[in-house]
2 protein chains.
Amino acid sequence: MPAAGEHHPAFEEYCECIFELKEDDVDVIQARIAERLQVSRPAVSEMMRRLESEGLITTDGGIRLTRAGQDLAERVVRRHRLAERFLTDVLQLSWAEAHHEAGRWEHVMSESVEAAMDRLLGSPTTCPHGNPIPGSDYIEPDASPLSSVDVGAKFVISRIPEELEFTPGLLEFLEESALVPGTNGTVTAISPDGTLTLEIGGHHVGVGAFASSRILVSA
Amino acid sequence: MPAAGEHHPAFEEYCECIFELKEDDVDVIQARIAERLQVSRPAVSEMMRRLESEGLITTDGGIRLTRAGQDLAERVVRRHRLAERFLTDVLQLSWAEAHHEAGRWEHVMSESVEAAMDRLLGSPTTCPHGNPIPGSDYIEPDASPLSSVDVGAKFVISRIPEELEFTPGLLEFLEESALVPGTNGTVTAISPDGTLTLEIGGHHVGVGAFASSRILVSA
DNA sequence: ACGGATTGTAAAGGTTCCCTAACGTCCGGT
DNA sequence: ACCGGACGTTAGGGAACCTTTACAATCCGT
Ligand SMILES: [Fe+2]
Ligand SMILES: [Fe+2]
Ligand SMILES: [Fe+2]
Ligand SMILES: [Fe+2]
């Protein structure tokens, strides 16, 4: 069962991972890739050699996607995020379920399905978590980390970066707490360890320091 | 990228194949499986041993799916046919494209997606080609092979069996010729070699002997 | 009854993708 | 200057799935 395109699922997965690490502003090194993909460091080491010999990455002075690697990664990420939109908006799956499912669909969707889904959804510019869909008309909003909001200030959730999808249970928690792109709230307290207390739709929610530093909001 | 359930794609593919051979009334022997899956006979031989040791088939006196194998096969076929319905009805893909795509989706759809898609489509009972969706309220229609229709007689296309999806280009041809379940036509001629000439929606189409013997129609 | 096709299996081997164990390097803190 | 950690790599191995080549067994039409 090869994927729709011409590349093996493993290659797609590694390129996607490199793309998202860069997007999340995390050092693109083998150790990070190993963590995200949940494989051993030797496995990554070996795969880096294969990716390089296939012309998908270069490794002189840090791991970087080549043009071909970038194209592949963008295709995979685009399909992942379109699939997430479809799964949440049309099939009414939860964030967490949609994310898991999309992680499989991204390797299986053909170009025509990608196009048809894009049409069906009205060419969305972000996934349900607010991350940009490559190839769409996404315009970078003027956003800053939730952790930089002052006590008492209002904000609108803008984006929950891909990085947070790796913390088990976090997506579920955020969705249940209505912490989804577009909703607005107020910071009611900041504890010394960086935990924020928010007020959203009449409910109060605590958000840890790490998550707060990653979630992007606008005024 | 394992499948949604607990089984490897290869196991799913083999069980599905056995299920469909039976459904098409073809001898369930290794040679047929090798042909349909486009693998060598030794590969099938080895896999039969694995499937048996996993309790998915029995081989005493012919290859037969066990309860577990049957369940797995039905799940996969159900997902394949639901996916085909979705891809043609909602995403407007052609038959041929939908079939290819569904061949990958069937190993990747989760239970919740299967359920959501079933709901979205209104619990269809057949795939676009008229083949029954396992687990649906399908009622076997009173149908007979197209080849048994007399010259001059009218008919309604009922079902294009899975078997014909393996002849390259045939699906495309049938769809373009409006030879889809539900449409009706008339047999205008039968040649000695078994080729039928049909009249469908004002157009005339020739259908070969093999296809005619498999396509099911009702009066 | 016989010769050619069809079928199943054995043997040997290959690719992809992963693992553990172990080792060398480098880097920041003390 | 020294040490613990983090990082990358080597070596050796393994599971899944497939291949080609070759060889028996079985089936079947004439
Ligand atoms: Fe995601
Ligand atoms: Fe996302
Ligand atoms: Fe199909
Ligand atoms: Fe079908």
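Here the structure is a predicted model, which means the values were calculated and not measured. Chain letters run A, B, ... following the sequence lines, proteins first and then strands; every chain starts at 1.
Residues A/Ala73 and A/Leu65 approach most closely at CB-CD1, 4.0 Å, considering heavy atoms.
Rounded to a whole Å, the CZ atom of A/Phe11 is 14 Å from the C1' atom of C/dC18. Between the CG atom of A/Leu51 and the P atom of C/dC18 there is a distance of 11 Å, rounded to whole Å. Straight-line distance from the CD atom of A/Glu46 to the C1' atom of D/dG13: 12 Å, rounded to whole Å. Computed from coordinates, the A/Glu54 CD to C/dT15 P distance equals 13 Å when rounded to whole Å. One atom, CG of B/Leu37, and another, P of D/dT19, lie 10 Å apart when rounded to the nearest Å. Between the C1' atom of D/dC7 and the CD1 atom of A/Ile33 lies a distance of 13 Å, rounded to the nearest Å. Going from atom CG of B/Asp27 over to atom C1' of D/dC27 covers 13 Å, rounded to whole Å.
Under the side-chain hydrogen bond (donor to acceptor under 3.5 Å, both in side chains) criterion, B/Ser191 pairs with B/Asp193, sequence neighbours left out.
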Expected list for residues 21-29 of chain B: side-chain donor-acceptor pairs under 3.5 angstrom, two or more places apart:
{"from": "B/Glu23", "atom 1": "OE1", "to": "B/Arg81", "atom 2": "NH2", "distance (Å)": "2.8"}
{"from": "B/Glu23", "atom 1": "OE2", "to": "B/Arg81", "atom 2": "NH1", "distance (Å)": "3.1"}
{"from": "B/Asp24", "atom 1": "OD2", "to": "B/Arg36", "atom 2": "NH1", "distance (Å)": "3.2"}
{"from": "B/Asp24", "atom 1": "OD2", "to": "B/Arg36", "atom 2": "NH2", "distance (Å)": "2.9"}
{"from": "B/Asp24", "atom 1": "OD2", "to": "B/Glu163", "atom 2": "N", "distance (Å)": "3.0"}

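Put simply, A/Tyr14 has a side-chain N or O that comes within less than 4.0 Å of OP1 or OP2 on C/dC18. One finds a side-chain N or O of B/Ser40 lying less than 4.0 angstrom from the OP1 or OP2 phosphate oxygen of D/dT19.
Ion pairing of B/Arg32 with B/Glu35 is present here, as a side-chain N (NZ or NE/NH1/NH2) and a carboxylate O approach within less than 4.0 Å. A salt bridge is absent between A/Arg75 and A/Asp71; no separation between the charged side-chain nitrogens and carboxylate oxygens falls under 4.0 Å.
Within 4.0 Å (heavy atoms only), B/Ala43 reaches at least one base atom of the nucleic acid.
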Could you pull out the protein-nucleic contacts involving nucleotides 4-10 of chain C (nitrogen or oxygen on both sides, under 3.5 Å)?
{"from": "C/dT7", "atom 1": "OP1", "to": "B/Arg32", "atom 2": "NH2", "distance (Å)": "2.4"}
{"from": "C/dT7", "atom 1": "OP2", "to": "B/Arg32", "atom 2": "NH2", "distance (Å)": "3.1"}
{"from": "C/dG8", "atom 1": "OP2", "to": "B/Gln30", "atom 2": "N", "distance (Å)": "3.3"}
{"from": "C/dG8", "atom 1": "OP2", "to": "B/Ala31", "atom 2": "N", "distance (Å)": "2.7"}
{"from": "C/dG8", "atom 1": "N7", "to": "B/Arg41", "atom 2": "NH1", "distance (Å)": "2.4"}
{"from": "C/dG8", "atom 1": "O6", "to": "B/Arg41", "atom 2": "NH1", "distance (Å)": "3.3"}
{"from": "C/dT9", "atom 1": "OP2", "to": "B/Gln30", "atom 2": "NE2", "distance (Å)": "2.9"}
{"from": "C/dT9", "atom 1": "OP2", "to": "B/Ser45", "atom 2": "OG", "distance (Å)": "3.0"}

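Remark: B/Ile33 CD1 to B/Ile63 CD1 distance equals 4.0 Å, nearest 0.5 Å.
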